[in-house]
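These numbers come from the heavy atoms of this one structure, side chains and all, not from hydrogens, waters or symmetry mates.
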Amino acid sequence: MRRARPAQSVRPTSPARAGGVVLAAATALVLAGCSSETTEDDAAAPAPEATEAECEPGSLPTLTDEVLTVGAGEPYLPWYTDEYESGEGFESALIYAVAAELGYQAEDVQWETVTFEQIISPAVKPFDVAAYQTSITDERRAAVDFSSPYLTTRQGVIVMQDGPYADASTIADLEGARIGVTAAQTSLTLSEAAFGEDADISPYSAAGDGMQALQSGTIDAMVMDVDQGVAASTEYFPDSMVIGTLPDEGVVEQYGLVLDVDSELTTCVSQAVDSLEEDGTLGELRTTWLKSDDIPVLE
């Protein structure tokens with residue numbers, strides 16, 4: 001367990017370091033959070049209201065008194081930089097903002113590296129709350145609690161800049177392309193809907209594996225969470241680019257912070273997320289760390 005030491009300034013990843021972590025980052029691009037489709041009926045239910053007294057820091061039943069323990073996977077952009085506690089990256093910054101809403105100082109936040117399986121498992125958690133791009137679904141609600149959603153995401157299409165589909169701007173332009181997706185995830189569902197049952201779609205266990213297949217020419221396009229795709233194309237696979245997003249086909253995918261099922265913290269954490277949405281903080285974090293607003297939908 002590591003004590004948080006918030007950074008004093010933004011420390012961009014150097015080209016040398018970026019080159020050294022490409023393979024590790026590619027492996028880390030598992031996008032476990034984008035797993036299983038979420039329909040409009042699965043959208044996060046409103047959290048019950050809690051009184052102000054119930055959410056006072058001194059009364060919150062955290063694992064360690066006066067400490068907020070946070071679970072996260074391996075750090076990679078745009079969610080984290082090389083250190084969780086830097087406060088850089090969308091989810092790192094989000095956690096410190098939520099902690100502040102709950103009355104915790106930055107030094108009161110501790111981080112635990114966990115697997116995605118630990119996060120969604122019904123087993124007792126080694127954290128109070130987890131931030132790991134975890135999609136909110138009814139199936140998972142049976143095993144864990146979710147906060148209010150902090151991000152609604154889309155599925156982006158990535159191609160190589162010098163590849164045969166670099167100029168594609170519609171779904172029709174991608175006819176005949178070999179498509180890579182992450183297995184059993186929203187990218188697979190939406191790709192099948194967009195390209196048809198007869199399309200050449202290859203599932204990969206990790207998005208990083210798909211990106212390596214794209215780079216080697218095994219596939220022509222890779223579909224993944226658009227914000228992850230932007231980071232992949234700018235940080236880890238700079239010869240690739242995001243050309244657009246797939247139509248949502250009525251599938252709404254939202255990320256939520258994860259807590260133990262029936263956690264006494266869930267309502268307070270949800271209220272913190274809601275407050276950050278209402279006061280514009282989440283919007284600012286999205287603008288700072290997520291660069292997908294201008295990416296068009298492929299019709």
Side-chain angles (χ1 to χ4, degrees), residues 1-2 4-7 10-13 21 24-25 28-35 44 68-102 104 106 108-116 118-120 125-136 140 144-154 207-208 224-232 234-236 253-259 265-266 269-270 272-277 280-293:
M1 191 177 292
R2 295 173 289 179
R5 299 182 304 280
V10 174
R11 298 174 290 111
T13 303
V21 301
L29 287 171
V30 290
L31 288 185
C34 296
S35 118
L68 185 68
T69 302
V70 182
E74 292 299 322
Y76 54 90
L77 291 170
W79 316 110
Y80 300 93
T81 58
D82 55 331
E83 296 179 350
Y84 306 122
E85 58 264 34
S86 68
E88 300 168 25
F90 180 79
E91 288 185 333
S92 179
L94 168 67
I95 283 296
Y96 284 111
V98 168
E101 285 288 320
L102 295 174
Y104 292 95
D108 298 325
V109 177
Q110 292 186 346
W111 295 86
E112 284 285 344
T113 301
V114 294
T115 66
F116 186 69
Q118 283 179 288
I119 287 178
I120 61 173
K125 307 292 188 290
F127 53 77
D128 297 307
V129 60
Y132 196 175
Q133 312 103 59
T134 309
S135 297
I136 300 170
R140 289 177 183 163
V144 299
D145 277 4
F146 285 101
S147 71
S148 297
Y150 59 83
L151 181 66
T152 299
T153 189
R154 300 174 291 157
M224 66 171 75
D225 172 284
V226 66
D227 294 302
Q228 193 68 66
V230 170
T234 56
E235 298 289 336
Y236 307 122
E253 184 173 12
Q254 295 179 310
Y255 294 161
L257 301 176
V258 181
L259 304 94
L265 301 175
T266 301
V269 172
S270 285
V273 173
D274 292 341
S275 294
L276 295 172
E277 184 69 81
T281 299
L282 279 182
E284 293 175 4
L285 294 182
R286 293 177 190 128
T287 299
T288 300
W289 296 107
L290 308 179
K291 310 298 183 181
S292 63
D293 286 348

Exercise. What's the spacing between Leu68 CG and Asp108 CG if we round to 0.5 Å?
Worked result: 9.0 Å
Exercise. Would a distance-only check, ignoring hydrogens and angles, find a side-chain to backbone donor-acceptor pair under 3.5 Å from Ser92 to Tyr80?
Worked result: no
Problem set entry | Validation row: Thr234, Lys291 side chains within 4.5 angstrom (heavy atoms) | no
Problem set entry | Heavy-atom donor-acceptor pair, Tyr84 side chain to Gln110 backbone, under 3.5 Å | no
For this session: Kindly compute the distance separating CD (Glu85) from CH2 (Trp111), expressed to the nearest 0.5 Å.
Result: 8.5 Å
Exercise. For Ala93 and Leu285, which heavy atoms make the closest approach, and how far apart are they?
Worked result: CB-CD2, 3.7 Å
For this session: List in chain and number order the residues that pass side chain to side chain donor-acceptor pair (under 3.5 Å) with Asp227, two or more places apart in sequence or in another chain; answer none if no residue qualifies.
Result: Ser292
Problem set entry | Partner residues of Tyr150 under the side chain to side chain donor-acceptor pair (under 3.5 Å) criterion, sequence neighbours left out | Glu91
Exercise. Is there a side-chain contact between Val98 and Val273, using heavy atoms and a 4.5 Å cut-off?
Worked result: yes
Exercise. Sub-3.5 Å donor-acceptor pair from the side chain of Glu88 to the main-chain atoms of Trp79, do we have one?
Worked result: no
Exercise. Given side chains that start at C-beta, do those of Leu265 and Val129 come closer than 4.5 Å, heavy atoms only?
Worked result: no
For this session: Report the residues that fulfil salt bridge (Lys or Arg N to Asp or Glu O under 4.0 Å) with Arg286, sequence neighbours left out, ordered by chain and then residue number.
Result: Glu277
Seminar exercise, completed: Distance col, row Thr115:OG1 vs Glu74:CD, nearest 0.5 angstrom, shows 10.5 Å
Problem set entry | Residue pair Tyr255 / Ser135, side-chain heavy-atom distance below 4.5 Å | yes
Exercise. Between atom CD1 of Ile119 and atom OG1 of Thr134, what is the distance when rounded to the nearest 0.5 Å?
Worked result: 5.0 Å
Exercise. Is the backbone of Val109 close enough, under 3.5 Å, to the side chain of Tyr96 for a donor and an acceptor to pair up by distance?
Worked result: no
For this session: Go through the structure and list residues passing side chain to side chain contact (heavy atoms under 4.5 Å, CB included) with Glu101, not counting sequence neighbours.
Result: Ala272, Ser275, Leu276, Asp279
Exercise. Rounded to the nearest 0.5 Å, how far does CD1 of Ile120 lie from OH of Tyr132?
Worked result: 10.5 Å
Problem set entry | Contact check, side chains of Leu290 and Val226, non-hydrogen atoms, under 4.5 Å | no
Exercise. Any idea which heavy atoms bring Ala231 and Pro78 closest together, and the distance?
Worked result: CB-CD, 3.5 Å
Problem set entry | Rounded distance [0.5 Å steps], CG in Asp145 versus CG in Leu257 | 11.5 Å
Exercise. Between Thr69 and Pro126, which heavy-atom pair has the shortest distance, and what is it?
Worked result: CG2-O, 3.6 Å
For this session: For Thr287, check side chain to side chain contact (heavy atoms under 4.5 Å, CB included) against everything at least two apart and list the hits.
Result: none
For this session: State which residues pass ring-ring contact (aromatic ring centres under 6.0 Å, His included) with Phe127; sequence neighbours excluded, sorted by chain then number.
Result: none
For this session: Just jot down the side chain to side chain contact (heavy atoms under 4.5 Å, CB included) partners of Thr152, sequence neighbours excluded, or say none.
Result: Val252, Gln254
